[in-house]
Amino acid sequence: MVKLARWNDGGEVRSGFIQGDRAYPLPAGQTVNDLLDAGLDETLAAAERILGGAPTSGTGAPVPLAGVVLLAPLVPASLRDFVAFEEHVEGMRISIDGAPGVMEEWYQAPTFYFSNPHTIRATGEEIPIPAGCHQLDFETEVAAVVGRVPGSSGSNLSAEQAQRHIFGYTIFNDWSARDLQRREMKVSLGPCKGKDFAGTLGPWIVTADEFAHRQDTDGFLDLRMSVDVNGIRVGEDLLSNMGWPFAELVAYASQDSLVLPGDVLGSGTCGSGCLAELWGRLGDQAPPPLQTGDSVSMTVEGIGTITNIVGPRREASTLVRARPRQRLPRSYDGAAAARG
């Protein structure tokens with residue numbers, strides 16, 4: 001199994017491959033993002049050389065995995081997050097809108113929003129509660145990571161072409177401030193501050209070739225997913241319960257646009273993969289929103305586990321209310337008024 005990671009080793013950030021309980025560094029200065037830009041074939045060849053012990057200038061000796069601190073496995077170029085699980089949409093619609101069922105528009109095409117690639121965290125990091133949030137939640141997802149395909153622009157891809165752009169997969173926790181999100185989405189835009197404070201990727205990227213035997217004829221991956229809070233199982237699902245396979249999500253994202261190396265595309269939350277979905281189904285906040293000190297662990301078959309501890313809440317007021325102002329008539333001539 002080829003796993004790519006980034007880690008901090010005594011203050012030095014290195015990238016490389018994980019095999020067993022050892023971390024094998026790339027040549028100094030080379031990063032996971034460089035491998036994404038090189039493409040999957042070149043990355044697999046590099047893994048064969050380095051993990052096979054072939055002399056490679058500047059790689060350095062492998063180090064015990066237990067002796068390093070894992071970082072997020074890449075620096076995302078962009079972060080799209082889809083909502084591809086029907087069961088999740090059904091539960092969230094009850095939770096947020098109080099309406100049953102799934103809206104017809106969900107079936108017509110996959111929907112995503114752009115999240116914040118600059119606040120990505122690693123497994124093991126503390127996740128502070130953002131200011132004003134009293135309903136902190138998690139979202140259990142798998143993300144596809146895009147790599148370069150020689151000769152492809154990354155635009156207007158077919159699903160077959162898009163599959164070749166999927167470099168690998170990682171676990172994604174899309175942390176969510178539900179009370180902030182609920183207010184924001186009443187304006188029919190967003191979410192914004194309800195989502196952009198943190199997202200966890202990790203613990204590493206597993207290359208796509210490792211899952212070829214787990215794809216069905218439609219391209220869905222039959223992988224088990226689960227999430228535990230403080231050691232208690234809260235939710236579980238199969239990745240194959242997505243409404244679209246990842247190749248179709250990547251292809252859709254590329255239409256009249258681009259997908260480029262380092263882009264990350266989240267699956268959206270699996271069924272029962274967050275608290276708010278359960279609140280909608282049960283009509284009660286049980287389990288309760290996350291609190292300081294809570295531990296959230298997500299496991300995906302064939303990838304691994306990420307764990308984060310919830311940190312303290314930042315005590316501040318971030319709401320900035322609109323200034324009520326007299327609206328000028330549409331025929332108002334500002335230039336003439338300025339001239340007096």
Side-chain angles (χ1 to χ4, degrees), residues 2-6 15 31-44 46 72-85 106 108-120 139 141-174 191 195-196 199-202 204-212 214-215 218-221 223 239-240 242-270 300 303:
V2 177
K3 299 185 287 191
L4 289 82
R6 294 170 62 243
S15 297
T31 69
V32 169
N33 286 71
D34 292 330
L35 294 181
L36 298 174
D37 199 51
L40 183 56
D41 290 343
E42 288 196 27
T43 297
L44 295 178
L74 80 158
V75 178
S78 71
L79 179 56
R80 296 173 176 87
D81 195 17
F82 285 82
V83 54
F85 287 84
W106 181 82
Q108 295 172 3
T111 301
F112 65 88
Y113 78 99
F114 278 96
S115 193
N116 190 352
H118 307 301
T119 54
I120 288 299
E139 294 199 344
E141 309 189 24
V142 170
V145 180
V146 173
R148 184 172 302 283
V149 173
S152 174
S153 68
S155 180
N156 295 325
L157 302 173
S158 67
E160 182 179 2
Q161 292 167 332
Q163 182 64 55
R164 297 177 58 225
H165 280 264
I166 299 177
F167 181 96
Y169 301 94
T170 189
I171 304 173
F172 178 37
N173 183 349
D174 182 32
K195 291 280 192 176
D196 77 344
T200 300
L201 290 174
W204 33 64
I205 300 169
V206 180
T207 54
D209 58 297
E210 300 290 344
F211 298 101
R214 299 299 297 270
Q215 282 187 322
D218 292 321
F220 291 96
L221 288 170
L223 304 178
L239 187 58
S240 54
M242 293 168 63
W244 301 264
F246 271 109
E248 292 182 7
L249 301 185
V250 175
Y252 186 74
S254 78
Q255 300 307 302
D256 302 300
S257 187
L258 289 169
V259 291
L260 296 174
D263 285 353
V264 175
L265 293 86
S267 64
T269 313
C270 67
V300 177
I303 300 179

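Judged by distance alone, the side chain of S78 and the main-chain N or O of D263 form no donor-acceptor pair under 3.5 Å. When atom types are taken as modelled, the side chain of S240 and the backbone of F220 share no donor-acceptor pair closer than 3.5 angstrom. Although no hydrogens or angles enter the test, the distance criterion places a donor-acceptor pair under 3.5 Å between the side chain of Q255 and the main chain of A251. Side-chain atoms of R148 never come within 3.5 Å of backbone atoms of G39 as a donor-acceptor pair (strictly under, hydrogens ignored). Here the side chain of T170 pairs no donor or acceptor atom with the backbone of L201 at under 3.5 angstrom. Side chain of S155 to backbone of L258: no donor-acceptor contact under 3.5 angstrom is found. Side-chain atoms of N173 never come within 3.5 Å of backbone atoms of G199 as a donor-acceptor pair (strictly under, hydrogens ignored). In terms of modelled atom types and a separation under 3.5 Å, the side chain of E141 and the main chain of C270 share no donor-acceptor contact. Formation of a donor-acceptor pair under 3.5 Å by the W204 side chain with backbone atoms of I303 is found in this model. Distance alone, capped at 3.5 Å, places no donor-acceptor pair between the S115 side chain and the R80 backbone.
When all heavy atoms of P245 and G219 are compared, the closest pair comes out as CB-O, 3.5 Å. Residues P117 and P76 share a closest heavy-atom pair of CB-O, 3.8 Å. The minimum heavy-atom distance between R6 and A72, with the atom names listed, is NH1-O, 2.7 Å. When all heavy atoms of D196 and T119 are compared, the pair lying nearest together is O-OG1, 3.0 Å. When all heavy atoms of L157 and S254 are compared, the pair lying nearest together is N-OG, 2.9 Å. Between P110 and L249, the shortest heavy-atom contact is CB-CD2, 3.6 Å.
Here F246 and Y169 bring their ring centres to under 6.0 angstrom of each other.
In this structure, CG in D174 is found 11.0 Å from CG in N116, a value given to the nearest 0.5 Å. Taking NZ of K195 as the start and CD of E139 as the end, the distance is 3.0 Å to the nearest 0.5 Å. Rounding to the nearest 0.5 Å gives a distance of 7.5 Å between CG of L36 and CG of L4. Atoms OG and CG, from S257 and N156 in turn, are 9.0 Å apart once rounded to the nearest 0.5 Å. Residue I120 holds its CD1 atom at 5.5 Å from CZ of F172, rounded to the nearest 0.5 Å. With values rounded to the nearest 0.5 angstrom, D34 atom CG is found 12.0 Å from L74 atom CG.
Between M242 and E248, every side-chain heavy-atom pair lies at or beyond the 4.5 Å cut-off. With contacts defined as side-chain heavy-atom distances shorter than 4.5 Å, the pair E210/V2 qualifies. Using a 4.5 Å cut-off on side-chain heavy atoms (C-beta onward), Q161 and S152 make no contact.
Crowding of E160 atom CD: a count of heavy atoms from other residues, nucleotides or ligands under 6.0 Å not exceeding 12.
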task: Might you work through the side-chain contact (heavy atoms from CB on, under 4.5 Å) test for V142 and L223, ending with a clear yes or no?
output: CA-CA 10 Å; V142 170; L223 304 178; 5.8 Å; no
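Using modelled atom types, one finds no donor on one side chain facing an acceptor on the other under 3.5 Å when comparing T31 with N33.
Using a 30° and 60° split on the angle between ring planes, F112 and F82 fall in the tilted class, from 30° to 60°.
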